[in-house]
There are 2 protein chains.
Amino acid sequence: MSIKDRKERDKLDRRKLIIESATKLFLEQGYEKTSIRNIADDIEYSPATIYLYFKEKDEIFYVIHEQGFDLLNKEFINHNQITDPFERLAELGKIYLNFALTNPDYYDLMFIMRAPLSEIKCHSKWEAGENSFQYLLNTVTECLDKKLIVDGDPLIVSMSIWSYVHGLISLFIRERLQSVNIEGEQNPNLLAQSLDYFLKTLKV
Amino acid sequence: MSIKDRKERDKLDRRKLIIESATKLFLEQGYEKTSIRNIADDIEYSPATIYLYFKEKDEIFYVIHEQGFDLLNKEFINHNQITDPFERLAELGKIYLNFALTNPDYYDLMFIMRAPLSEIKCHSKWEAGENSFQYLLNTVTECLDKKLIVDGDPLIVSMSIWSYVHGLISLFIRERLQSVNIEGEQNPNLLAQSLDYFLKTLKV
DNA sequence: GCATTTACTGAACAGTGTTTATTATATTTG
DNA sequence: CAAATATAATAAACACTGTTCAGTAAATGC
């Protein structure tokens, strides 16, 4: 059964080839401008071939969005050995903010665009998102237990913190912060300052 | 010069016709599915005619996005005679949240989508957005003066509050709150609870 | 060696935003 | 009033898009 095995490997390899090309093109020129024909050209296959490996365009971008979560979770794991839960919470926020500013296209796909989630809608759950949320929920729960932040339901508090940072980032990424742009002040700096203010209000 | 006047009026009427049709279709089926040909069909003109009145599709949606701001600002004016600045701030948040949940498509266009802002990018400012932000900034400044909320720079504080509510709403609208969905709990309720928690942390 | 499965593709379908050459009408001028 | 001009609208085309499907060529199983 070696031939069958090889064939399966080859199939996975070509699937990987499509994903890698799509990722490259996506990070270079964004979602809209990355067409099936673009990807097909890049990997030197016909557009129809891609549909032998993916049901639709959004399925490719679902995989890419998962890669984004892998990157984010890796950051969470790498830079988070802090024992004090509040400090860890602050660090979590900084990591999240930094990830978004460093990988705006990934962030867009993961948290703003409708594309990657269009298929999961009914039949499944948003696993990638739920996993990352756990990091936050755990730290928040610990903060609440040790009474380091304003009391509330762990889920509500976690959602609040996530919403806050996401709000900052998404307004920035989708260019709505122009109205708040003081002369000479860099936007990323404003974001960091805002996060500091928020943490100040949160602290008990 | 009466003929010229009438012609000008007619021209504005047709422009209005396009906008009204586009708005109707947009609220019925969203941005992507509202095509120039759709609008042309609806008003019984050829697609090319629309380009005599608008430079590009996004220019139409820029106008619609401005209409959204008119609606929001009207809400701000109507329901906001509260004298206590902190209560007024809380009310402002509720109005904003309510507007978003009642008009999710308008909200998307105003604060999430790239489309309407694509043309302003270089040559102009985002007037509509700046005007609405002023309502918030004024109330926040008053709250800070009367030391009702945690101290900070008025601009940073305003940006923080806006970001927070926008974060809640945009995660909800773009369906990222599934991971936080407790059994039976309605999402809009969670949003309101989160806003309450945030206001609690803000209060001094 | 032949039948069958597998992998791939060209071409087409139904759409999209946008441009341009052309036509029909209305207005102005001689 | 007739000719010249200005205005308004459009049919058709361009260059794209995601997606499907019939047909082909090669590899595999018997």
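Naming convention: chains lettered A, B, ... in sequence-line order (proteins, then strands); numbering from 1 in each chain. Bear in mind that the values here come from a model prediction, so they are computed numbers and not experimental data. The basis for the numbers below is simple: all heavy atoms, side chains too, and nothing from hydrogens, waters or symmetry mates.
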### Message
Counting C-beta onward and ignoring hydrogens, is there a side-chain heavy-atom pair between B/Met113 and B/Phe61 closer than 4.5 Å?
### Response
no
#### Entry: Any side-chain heavy-atom pair of A/Tyr31 and A/Asp105 under 4.5 Å
no
### Query
Quick check: are there more than 12 heavy atoms from other residues, nucleotides or ligands sitting under 6.0 Å from NZ of B/Lys200?
yes
### Message
Which residues in residues 52-65 of chain B have a heavy atom closer than 4.0 Å to any atom of DNA chain C?
### Response
B/Glu56, B/Lys57
### Query
Tell me: CD1 of A/Ile39 to P of D/dG18, nearest whole Å?
8 Å
### Query
So what does B/Ser35 hit on the nucleic acid, given a heavy-atom distance under 4.0 Å: a base, only sugar-phosphate, or nothing?
sugar-phosphate
### Query
Are more than 12 heavy atoms from other residues, nucleotides or ligands located less than 6.0 Å from atom NZ of B/Lys24?
yes
### Query
Is any side-chain heavy atom of B/Glu59 closer than 4.5 Å to a side-chain heavy atom of B/Tyr53?
no
### Task
Identify the two heavy atoms, one from A/Ala22 and one from A/Ile60, that lie closest to each other, and give their separation to 0.1 Å.
CB-CG2, 3.6 Å
### Query
Should we count CD of A/Gln29 as having more than 12 external heavy atoms under 6.0 Å?
yes
#### Entry: Any donor-acceptor pair under 3.5 Å from B/Thr201 side chain to B/Phe198 backbone
yes
### Task
Would you mind reporting whether B/Thr23 and B/Leu27 have side-chain heavy atoms less than 4.5 Å apart?
yes
### Task
Rounded to the nearest angstrom, tell me the gap between atom CD1 in A/Ile36 and atom P in D/dT17.
10 Å
### Task
Please list residues of residues 17-34 of chain A whose heavy atoms come under 4.0 Å from any atom in DNA chain C, ordered by number; otherwise none.
none
#### Entry: Distance, nearest 0.5 Å, that separates OH of A/Tyr45 from CG of A/Leu17
7.0 Å
### Task
Verify ring pair (Phe, Tyr, Trp, His ring centres under 6.0 Å) between B/Phe111 and B/Phe69, making sure each step is shown before the conclusion.
CA-CA 10 Å; B/Phe111 298 109; B/Phe69 273 101; 5.3 Å; yes
Extract from the structure each pairing of a protein N or O with an N or O of nucleotides 10-13 of chain C at less than 3.5 Å, listing the distance.
unit_1	atom_1	unit_2	atom_2	d
C/dA12	N6	A/Arg37	NH2	3.4

### Query
Can you find a side chain N or O atom of A/Tyr51 that sits less than 4.0 Å from OP1 or OP2 on D/dG18?
no
## Note on the structure
Between A/Asn38 and B/Ile50, whichever has its closest DNA chain D nucleotide further toward 5' is B/Ile50
